[in-house]
There are 2 protein chains.
Amino acid sequence: MSKPKAPHNLQSRNSTLDETDARILAALDSDARLSMSELARLIGMSAPSMSERVRRLENAGVIRGFTLDVDTRAIGYQIRAMVRIRPLLGKLHLVEKLIQERPEFVECDKITGDDPFLARLVVRSIERMDDVLEALSEHAVTSTAVIKGTSVKRRLPPL
Amino acid sequence: MSKPKAPHNLQSRNSTLDETDARILAALDSDARLSMSELARLIGMSAPSMSERVRRLENAGVIRGFTLDVDTRAIGYQIRAMVRIRPLLGKLHLVEKLIQERPEFVECDKITGDDPFLARLVVRSIERMDDVLEALSEHAVTSTAVIKGTSVKRRLPPL
DNA sequence: GTTGAAAATAGCACGAA
DNA sequence: TTCGTGCTATTTTCAAC
């Protein structure tokens, strides 16, 4: 009775997610601490199968981890900003190291264009922001845009 | 094995985190699915107390939620980019709505400066990226920087 | 994929510092 | 208040199918 499944391989490559996987990811994205049993109930299958599916998604590298969404304001970090960083000639690696070592930079991507780095900065106050940027000013030119609000909260792309 | 706790209220305001809370947040940030018992073992306290602390961090709004870290490449989204978006005169709200309705924009902040929006875009291919940007071109000017890599993976600010 | 039993865990009431 | 203990309900895991 092997019915050849339709090769609806919509993914451009890799780990083909079926619709169940998509629903699992969506559910876990909204609450990563859902119990496997509850998740199984939601999707409509048994707990052991659910555990196995989730484990597979982890092993396939689709799920990289389970993380926290922390409100940095609630712990005293009042200011968030996006900072474009252009190291002076020959200082690319030094500047990258400085960014990595400054924990107020909570995220940093390497990007194409005039400014090699785009970093997310979280600080307790404007004064502190100035300190952080000042520390870079000897080695890089920075452009800072303060975050006024959020239009789209982090979410998954269409599955 | 109890250490005398000093009221070192380091937070600039709000929800004072003690050192235990900081360790809890750090542990959950690296694995948000840690069981309360295991977490309790790590930190050195009983499971019920741990549950209560975590619940308090949630109620205080410090922990906003538990989320997934998904590798979008592993599900076929090969390209990531940061897009600065400047709506044409009078089109601010329209453009914001367009961004929100386009699921490939997985995050968007409202920022100060010439470009009101800075969005993270995740697409399956360059061609698809062009489609998305083209759809905005009638109402906004965009500047796109493709992400080549990561210097700092999302992390918590110093606690 | 399922079921069912054993081990681990979570949630609750209650008492101690 | 915050934490610990002991109890019960739930969940996880492992085996076998």
Chemist: Classify the nucleic acid contact of B/R55 as base, sugar-phosphate or nothing, counting any heavy atom under 4.0 Å across all strands shown.
Modeler: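 No contact at all - B/R55 keeps every heavy atom at 4.0 Å or more from the nucleic acid.
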Chemist: Sort and list the pairs that fulfil salt bridge (charged side-chain N to carboxylate O under 4.0 Å, His left out) and have at least one residue in residues 20-39 of chain A, not counting sequence neighbours.
Modeler: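 Passing the test, one end in residues 20-39 of chain A: A/D21-A/R53.
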Chemist: Round to the nearest Å and state the distance from B/E52 atom CD to C/dG11 atom P.
Modeler: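 To the nearest whole Å, that distance equals 12 Å.
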Chemist: Between B/D109 (side chain only) and B/I111 (backbone N and O only), is there a donor and an acceptor less than 3.5 Å apart?
Modeler: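 No; zero donor-acceptor contacts below 3.5 Å.
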Chemist: Answer yes or no: is there a side-chain heavy-atom contact under 4.5 Å between A/R84 and B/M82?
Modeler: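 They are not in side-chain contact.
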Chemist: Sequence neighbours left out, what pairs pass side chain to side chain donor-acceptor pair (under 3.5 Å) with at least one residue falling in residues 136-150 of chain A?
Modeler: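 Residue pairs with at least one partner in residues 136-150 of chain A: A/K91-A/H139.
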Chemist: Taking OP1 and OP2 of C/dG1, is either one under 4.0 Å from a side-chain nitrogen or oxygen of A/R53?
Modeler: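 Yes, such a contact exists.
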Chemist: For DNA chain D, determine which residues of residues 32-50 of chain A have any heavy atom closer than 4.0 angstrom to one of its atoms, and list them numerically.
Modeler: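 A/S35, A/M36, A/S37, A/R41, A/P48 - these, ordered by number, are the residues of the stretch whose heavy atoms sit under 4.0 Å from the strand.
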Chemist: Is it true that A/Y77 and A/V146 fall in one hydrophobic cluster, defined by side-chain heavy atoms closer than 4.5 Å?
Modeler: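 As far as the 4.5 Å side-chain criterion goes, A/V146 and A/Y77 are not connected within one cluster.
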